[in-house]
Amino acid sequence: MGRTYFVEEAIGQYLSDLSTKLKPYVTGLLIGQCSLQRDYVIRAVRTPPKEEQKGDNVSPPNLASIDEEWITTHASQVSRMLPGGLLVLGVFIIATPELSKDSQNALRKLIFSVEKSLTKRRLWKPAEEEVSDRAALQICSATKKVVCRTYDVQDPKSSAKPADWKYQSALSASWLALDCTVNVNIHIPLLSTSPNHDLEKNTKNGLNRWSKQIEDSVFLINGQVKDDDAELLEGQKKLRGNTQSSTQFSDVKVLTQLSQGSSHRSTATVQVCSGSINLKGAVKCRAYVHNNKPKVKEAVQALKRDIINTLGDRCEILFEDLIINEGPHKKSFEREYHVLPQRLFVPIAGSSVMLSDYKFGDEAAGEIQERFVEMWDQSVPAEDIHIVEEINTVDICPIMDNMDDTQQKQLTKATLLLKLQQNMGVVIAAAVAVFASIFSFNYFSD
């Protein structure tokens, strides 16, 4: 039996409008949530036109000219703007009857390309039981016939399976939201054995280690630890209604010092470093889950991924900004402070779900509005842009240039001594002492 997609009714009108405006074909993304029981599609958004195509509403004459890289880049940008619980769960194409026979092959290729691009950026691994089917929606612009199929993106040889596409009114009008604020204080050493000090690569490696800590953390929902298989709303009164005010929020606390992992014992490693990257601040995180008897496990997993994604995405945005403003080959050996972009949320009309984005301090509201028009085909009034955070910083510390040979020998001797210690607490305490003698770690205070 194939999967069933329950689709926000307004999407049908949006796709119908696209079919009359854009010829001979248009592609786009399907946004929503997967669950073991059913899948939900709450947004569809067309691929933004390239600069040379703006204004004429005409695509190249055949599907062979589809720009795969442009579409996957759009998917990556859209993915950054999704709160926890939402993902790019498919691709659509609206084409004239003449192009219909080639549409399914084009969709298959795009689905695997998009998934590959998104997977490459992730700092978390999907769960074993996770749904790996992605939707391929084909619409004939003349007859309006809708054909929905799915492909298993974990299987490169996957063949198409039929799926149901069912419209439903007010589908996302009363979803459940989980909110939390996570205090971040991450120290990422730059090893002296890495002469080029690729800051982006080192940061990603450090975030990978930190993400495992988030995965193993204990989550308190409204002050309680709940069983994974319990219903999220168990013991709570479910709100009724189809307006944005019916959003039901759960306050979540993340206890990163308590581990639920199978291994509670870790080892200390002492390495000679020539600098460090320090990430410090408080990040606002949010996840949404459908209101059809969601399990605690689904909700917590969605929030964990938002915590991990939001910090990874911000670092990625910062490095992109540095490349644009300073060039890709800049090698700085001075201490630097950088401010990570702040998170903001924007409502979706007729939905309790909000989209996310990030802004630097000098970005005007107009730039954010332009981004939503380009990425989401959605106009956003300036008053609907809700900035939810204070400033978070990145502190990049190189080693002091004036370290003499004596200090280097002291460092080496101390390192050898540390390796001989058997007690983990002693190792950690000594390591702190050694690093403190080599670096001056002055964190930027919010």
Side-chain angles (χ1 to χ4, degrees), residues 1-8 31-42 82-90 122-135 150 152-154 163-164 166 168 170-180 182 211-241 246-256 258-262 285-310 351-354:
M1 184 178 173
R3 300 195 69 79
T4 298
Y5 290 89
F6 291 89
V7 187
E8 182 68 55
I31 309 300
Q33 186 169 100
C34 292
S35 71
L36 295 177
Q37 294 80 22
R38 52 173 67 182
D39 299 321
Y40 306 88
V41 183
I42 66 169
L82 295 175
L86 298 184
L87 73 158
V88 177
L89 52 71
R122 287 177 190 150
L123 296 172
W124 46 266
K125 292 181 179 179
E128 286 184 13
E129 70 277 11
E130 198 150 337
V131 175
S132 57
D133 286 345
R134 296 293 179 264
T150 61
D152 182 354
V153 290
Q154 296 297 320
D164 290 330
K166 296 183 178 181
Q168 186 174 318
L171 178 72
S172 59
S174 55
W175 277 29
L176 310 173
L178 294 92
D179 266 3
C180 74
V182 178
S211 70
K212 291 178 177 61
Q213 184 184 13
I214 296 299
E215 291 279 9
D216 290 340
S217 297
V218 172
F219 283 64
L220 299 181
I221 301 176
N222 295 325
Q224 297 179 318
V225 177
K226 296 193 173 186
D227 186 75
D228 280 352
D229 293 323
E231 286 188 20
L232 181 63
L233 292 178
E234 194 174 277
Q236 299 180 49
K237 186 177 179 181
K238 188 175 178 180
L239 295 178
R240 302 288 179 182
S246 69
T247 305
Q248 189 156 348
F249 282 90
S250 292
D251 179 62
V252 180
K253 303 294 183 190
V254 184
L255 307 180
T256 56
L258 297 179
S259 173
Q260 298 185 112
S262 56
C285 307
R286 181 175 295 174
Y288 291 94
V289 288
H290 59 85
N291 60 0
N292 183 39
K293 298 181 178 179
K295 299 291 186 183
V296 168
K297 184 178 181 179
E298 293 176 68
V300 169
Q301 178 179 271
L303 191 57
K304 282 180 180 180
R305 289 181 180 177
D306 189 63
I307 295 168
I308 295 167
N309 287 344
T310 189
S351 173
S352 62
V353 175
M354 300 181 84

Pair E129 + K295: basic N to acidic O under 4.0 Å:
no
Using a 4.5 Å cut-off on heavy atoms from C-beta on, say whether the side chain of [Y] contacts that of [X].
{"X": "I221", "Y": "V300", "result": "yes"}
{"X": "S352", "Y": "Q248", "result": "no"}
{"X": "F6", "Y": "N292", "result": "no"}
{"X": "V88", "Y": "I31", "result": "yes"}
{"X": "W124", "Y": "S211", "result": "no"}
{"X": "I308", "Y": "E215", "result": "yes"}
{"X": "L171", "Y": "V7", "result": "no"}
{"X": "C285", "Y": "V252", "result": "no"}

Going from [atom1] on [X] to [atom2] on [Y], what distance comes out if it is rounded to the nearest 0.5 angstrom?
{"X": "K226", "Y": "L220", "atom1": "NZ", "atom2": "CG", "result": "11.0 Å"}
{"X": "T4", "Y": "Y40", "atom1": "OG1", "atom2": "OH", "result": "11.0 Å"}
{"X": "L176", "Y": "L232", "atom1": "CG", "atom2": "CG", "result": "6.0 Å"}
{"X": "E298", "Y": "E231", "atom1": "CD", "atom2": "CD", "result": "10.0 Å"}
{"X": "I42", "Y": "Q168", "atom1": "CD1", "atom2": "CD", "result": "13.0 Å"}

Which heavy atom of [X] sits nearest a heavy atom of [Y], and at what distance?
{"X": "A170", "Y": "E8", "answer": "N-OE2, 3.4 Å"}
{"X": "Y5", "Y": "R134", "answer": "OH-C, 4.0 Å"}
{"X": "M354", "Y": "Y288", "answer": "N-OH, 3.2 Å"}
{"X": "Q154", "Y": "S132", "answer": "CG-CB, 3.4 Å"}
{"X": "C34", "Y": "L87", "answer": "N-CD2, 4.0 Å"}

Side chain to side chain contact (heavy atoms under 4.5 Å, CB included) evaluation trace for R305 with L82
CA-CA 11 Å; R305 289 181 180 177; L82 295 175; over 6 Å; no
Just do the side chain to side chain contact (heavy atoms under 4.5 Å, CB included) check on F219 and K304 with the steps written out, would you?
CA-CA 9 Å; F219 283 64; K304 282 180 180 180; 3.4 Å; yes
R3 and side chain to side chain donor-acceptor pair (under 3.5 Å): which single residue from D164, D39, D133 fits?
D39
Parallel, tilted or perpendicular: which describes the rings of W175 and H290, with under 30° parallel and over 60° perpendicular?
perpendicular
Please check: side-chain N/O of D251 versus main-chain N/O of N222, any donor-acceptor pairing under 3.5 Å?
no
For the pair L89 and V131, evaluate side chain to side chain contact (heavy atoms under 4.5 Å, CB included) and give the outcome as yes or no after the intermediate values.
CA-CA 10 Å; L89 52 71; V131 175; over 6 Å; no
Give the intermediate values and the outcome of side chain to side chain contact (heavy atoms under 4.5 Å, CB included) for residues D306 and C180.
CA-CA 10 Å; D306 189 63; C180 74; over 6 Å; no
